[in-house]
Amino acid sequence: MRVVISGIPGVGKSTILDLVSKKSDYRIINFGSLMFDIAKKETSINSRDDMRKLDIETQKHIQRLTSNELGTMNNIIIDTHMSIKSPSGYFPGLPEWVLHELNVSSFFLIESKPEEIKKRRDSDKTRSRDSDTVEDIREHQEINRYYAAAYSVYSGATVNFICNQEGNPEIAADNIVMRLDYATETTTK
Ligand code: AMP
Ligand code: MG
């Protein structure tokens with residue numbers, strides 16, 4: 001089984017996934033890391049935060065190569081994005097050919113208050129985050145719900161919205177693990 005866990009940059013996804021990985025047998029694979037390994041061979045970029053600024057055809061090409069690789073792995077949680085904010089607009093993280101390749105059972109969207117995301121982004125010096133306003137962040141989270149619904153209709157996979165409350169990532173992680181356990185039980189029966 002494969003599931004997708006997403007959340008916009010700064011939502012606290014990495015923290016939650018660290019907790020999930022301790023409580024679950026699923027292997028967590030970061031789409032962006034795999035894609036960056038491929039991008040380093042195929043393009044001249046040397047920062048993962050430059051991938052979303054590549055021209056869309058190049059992004060699609062390396063996105064496809066990444067999904068081909070992921071399509072061979074089983075029992076994984078794919079850490080990725082519903083949409084990526086590129087200079088030419090929102091770019092789907094899971095266009096039809098990626099969905100087809102990955103054949104996921106469930107989508108999880110981690111969400112948080114836009115004000116908290118903004119605060120986390122401003123204090124993260126390790127990444128080159130976009131200088132989005134609170135309103136931009138609100139829009140991106142809202143758009144991602146539409147993308148998730150579209151992916152669900154296309155693939156038949158379920159969608160789960162997970163709230164990351166400030167200071168309580170364990171609650172979100174436990175919620176995800178509970179739903180994963182349920183999905184595993186019902187798929188193996
Ligand atoms: P992350 O570290 O998870 O924020 O991902 C780093 C970068 O990987 C993103 O900014 C995107 O450029 C790229 N990326 C991740 N997932 C996808 C995807 N499903 N489709 C296209 N690009 C992706
Ligand atoms: Mg992260």
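Order of appearance sets the numbers: ligands from 1, and atoms from 1 within every ligand.
- A distance of 9.0 Å separates OG of S67 from CD1 of I78, quoted to the nearest 0.5 Å.
- The option with the heavy atom closest to atom 8 (O) of ligand 1, from among K13, M51, M35, is M51.
- Those atoms of ligand 1 with a heavy atom of G32 less than 4.0 angstrom away are 5 (O), 8 (O), 15 (C).
- Between D79 and ligand 1, no N or O atom pair is found at a separation short of 3.5 Å.
- Heavy atoms of Q59 found under 4.0 angstrom from ligand 1: none, in either backbone or side chain.
- Only one option out of T158, D174, N160 pairs with R179 in a side chain to side chain donor-acceptor pair (under 3.5 Å); it is N160.
- Here the side chains of F107 and S155 are in contact, with some heavy-atom distance below 4.5 Å.
- Those atoms of ligand 1 with a heavy atom of F31 less than 4.0 angstrom away are 16 (N), 17 (C), 18 (C), 19 (N), 20 (N).
- By the criterion of a heavy-atom distance under 4.0 Å, neither the backbone nor the side chain of F36 is placed next to ligand 1.
- Distances below 4.0 Å separate heavy atoms of R48 from the following atoms of ligand 1: 1 (P), 2 (O), 5 (O), 6 (C).
- Of the polar atoms of G93, at least one N or O is found under 3.5 Å from an N or O of ligand 1, judged by distance alone.
- Applying the side chain to side chain donor-acceptor pair (under 3.5 Å) test to Y147 and every residue at least two apart in sequence or in another chain returns nothing.
- Remark: side-chain polar atoms of T43 are paired, donor with acceptor, to backbone N or O of A39 under 3.5 angstrom.
- Listed for the N74 side chain is a donor-acceptor partner under 3.5 Å among the backbone atoms of M1.
- Using a 4.0 Å cut-off to heavy atoms of F91, the atoms of ligand 1 that qualify are 21 (C).
- Residues forming a side chain to side chain donor-acceptor pair (under 3.5 Å) with D49 (at least two apart in sequence, or on another chain): R52, R127.
- Look at L94 and you'll find every heavy atom at least 4.0 Å from all atoms of ligand 1.
- Side-chain contact check for K13 versus I8: every heavy-atom pair is 4.5 Å or farther apart.
- Counting heavy atoms closer than 4.0 Å to ligand 1, residue Q63 contributes side-chain atoms (C-beta onward) but none from N, CA, C or O.
- Taking all heavy atoms of R52, K60, M82 into account, the minimum distance to atom 12 (O) of ligand 1 is reached by R52.
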